[in-house]
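Single-structure report; data block below.
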Amino acid sequence: MGREEQVEEREVLDSIFPEEITDVSETEFRISIALDIPDFPEDEEPPKFLLSVRYPDEYPDVAPNLEILAATDGGVTEYFDTGDDREHLLASVEETIQENIGMAMIFTIVSALKDAAEQLVQERKDAVAQAEEERRAAAEREENKKFQGTPVNPETFLKWREGFLKEMEEERVREEEERLAELKKAKIKEPVKLTGRQLWERGLVGKVDEGDEDEDAPVEEMDKLAVEAA
């Protein structure tokens with residue numbers, strides 16, 4: 001009974017995989033499984049692996065003997081390696097095998113293995129893309145920090161104000177020094193303002209009262225005069 005079902009299944013597999021299936025013996029064969037990977041170059045062979053199948057005498061009432069081998073004619077992708085992924089793929093079809101005990105199951109196993117391998121590739125591609133996106137986001141956050149101001153609070157405001165006033169004072173001193181340097185270069189003395197008494201003594205104004213003889217008291221005319229100091 002088992003052998004008849006095996007022969008019948010083998011004939012069906014021949015019609016489904018005419019180019020992919022290769023006999024090893026009457027009860028053993030290999031099927032080449034090609035992966036469909038988005039964005040894989042169309043002019044290159046897709047990544048492949050081989051499913052080696054050997055029928056036990058009691059198959060399909062027991063599980064087939066399976067092995068996964070590397071395909072020599074398959075393309076290469078960094079996201080899939082037959083040697084590294086073999087155990088994962090075989091484990092991924094254990095449930096499928098148990099669900100199909102008593103029935104021809106090789107086509108179902110091939111489909112499940114293909115899906116599992118393609119999902120593995122996609123998960124790895126997504127992980128790489130996510131890592132790259134996180135790296136770009138981190139770099140963008142670091143770049144944006146250059147354009148972010150310091151949060152304002154009483155402490156930071158006082159610190160800013162102190163620095164601002166210091167900067168303004170330094171700027172005033174610098175400008176004053178530059179102005180005096182220009183006057184010195186032109187041999188012009190700094191204009192001075194005379195007191196009322198000094199103006200009277202020089203005959204520049206009329207006689208002032210004795211009560212107005214404070215030498216430090218300015219007069220309105222001093223804003224209009226710029227004379228060379230004695």
Side-chain angles (χ1 to χ4, degrees), residues 1-140:
M1 179 66 177
R3 181 57 186 155
E4 291 178 2
E5 291 178 325
Q6 294 170 17
V7 171
E8 183 179 342
E9 181 182 39
R10 179 66 182 79
E11 292 175 351
V12 172
L13 292 173
D14 258 334
S15 65
I16 298 174
F17 306 111
E19 302 295 331
E20 294 86 1
I21 196 165
T22 303
D23 284 321
V24 177
S25 68
E26 288 186 352
T27 58
E28 186 176 354
F29 53 90
R30 294 174 180 175
I31 300 175
S32 177
I33 302 176
L35 305 185
D36 296 323
I37 300 177
D39 303 324
F40 195 82
E42 295 182 359
D43 57 344
E44 296 183 16
E45 282 291 326
K48 300 177 182 179
F49 63 93
L50 299 177
L51 173 64
S52 177
V53 181
R54 184 170 60 82
Y55 287 141
D57 293 340
E58 297 83 4
Y59 177 86
D61 293 328
V62 298
N65 295 318
L66 305 177
E67 184 58 87
I68 291 178
L69 308 171
T72 57
D73 61 339
V76 177
T77 174
E78 61 182 306
Y79 305 111
F80 181 78
D81 183 273
T82 304
D84 294 339
D85 298 327
R86 170 184 170 279
E87 294 297 331
H88 173 83
L89 293 177
L90 289 175
S92 72
V93 295
E94 282 296 330
E95 185 176 349
T96 300
I97 293 172
Q98 295 305 315
E99 290 175 350
N100 287 274
I101 290 293
M103 299 180 289
M105 66 179 80
I106 301 304
F107 174 75
T108 303
I109 291 174
V110 170
S111 299
L113 282 172
K114 184 174 185 296
D115 290 344
E118 290 171 352
Q119 181 179 355
L120 195 61
V121 170
Q122 189 59 50
E123 288 174 352
R124 289 169 176 168
K125 290 179 67 176
D126 291 344
V128 171
Q130 182 177 355
E132 177 61 20
E133 179 62 28
E134 291 175 354
R135 185 195 66 78
R136 284 198 299 265
E140 184 176 347

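Numbers here are sequence positions counted from 1. What's counted below: heavy atoms across the whole structure, side chains too, no hydrogens, waters or symmetry copies.
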Just how far is it from atom NZ of K125 to atom CD1 of I37, taken to the nearest 0.5 Å? 7.0 Å
With sequence neighbours left out, the residues meeting side-chain hydrogen bond (donor to acceptor under 3.5 Å, both in side chains) with E133 are R136
Residues at least two apart in sequence or cross-chain that pass side chain to side chain contact (heavy atoms under 4.5 Å, CB included) with D73, listed by chain then number, are K48, A71
So how far is it from I21 CD1 to S32 OG, rounded to the nearest 0.5 Å? 11.0 Å
Could you walk me through whether V128 and E132 satisfy the side chain to side chain contact (heavy atoms under 4.5 Å, CB included) test, starting with their C-alpha distance in whole Å, then the side-chain angles of each, then the deciding distance to 0.1 Å, before giving a yes or no? CA-CA 6 Å; V128 171; E132 177 61 20; 5.5 Å; no
Enumerate the residue pairs fulfilling ring-ring contact (aromatic ring centres under 6.0 Å, His included) with a member in residues 25-46, sequence neighbours excluded, ordered by first and then second residue. F29-Y55
Under the side-chain hydrogen bond (donor to acceptor under 3.5 Å, both in side chains) test, residues paired with D126 that sit two or more places apart: Q122
E42: what forms a side-chain hydrogen bond (donor to acceptor under 3.5 Å, both in side chains) with it, not counting sequence neighbours? none
Pairs touching residues 81-91 that satisfy salt bridge (charged side-chain N to carboxylate O under 4.0 Å, His left out), sequence neighbours left out: E67-R86, D85-R124
Residue pairs involving residues 104-118 (criterion side-chain hydrogen bond (donor to acceptor under 3.5 Å, both in side chains); sequence neighbours excluded): D36-K114, K114-E118
CG/L90 to CD1/I68 distance, rounded to the nearest 0.5 angstrom? 4.0 Å
With sequence neighbours excluded, residues passing salt bridge (Lys or Arg N to Asp or Glu O under 4.0 Å) with E94: none
Which one of R3, E9, E5 satisfies the side-chain contact (heavy atoms from CB on, under 4.5 Å) criterion with Y59? E9
If you take all heavy atoms of P56 and P64, which pair is closest and at what distance? CD-CA, 3.8 Å
side-chain hydrogen bond (donor to acceptor under 3.5 Å, both in side chains) pairs, two or more places apart, involving residues 15-28: R10-D23
Would you say the side chain of L113 lies within less than 4.5 Å of the side chain of I109, judging by non-hydrogen atoms? yes
Which pairs, with at least one residue in residues 64-116 and sequence neighbours excluded, count as a ring-ring contact (aromatic ring centres under 6.0 Å, His included)? F49-F80
Taking every non-hydrogen atom, the tightest pair across A70 and L50: O-CD1, 3.8 Å
Atom CD of Q130 with >12 non-hydrogen neighbours under 6.0 angstrom: no
Anything under 3.5 Å between a donor and an acceptor, one on a side chain of residues 95-106, the other on a protein residue two or more places apart or in another chain? List them.
residue: N100; atom: ND2; partner: T96; partner atom: O; Å: 2.7

What pairs with E123 under side-chain hydrogen bond (donor to acceptor under 3.5 Å, both in side chains), at least two apart in sequence or on another chain? Q119
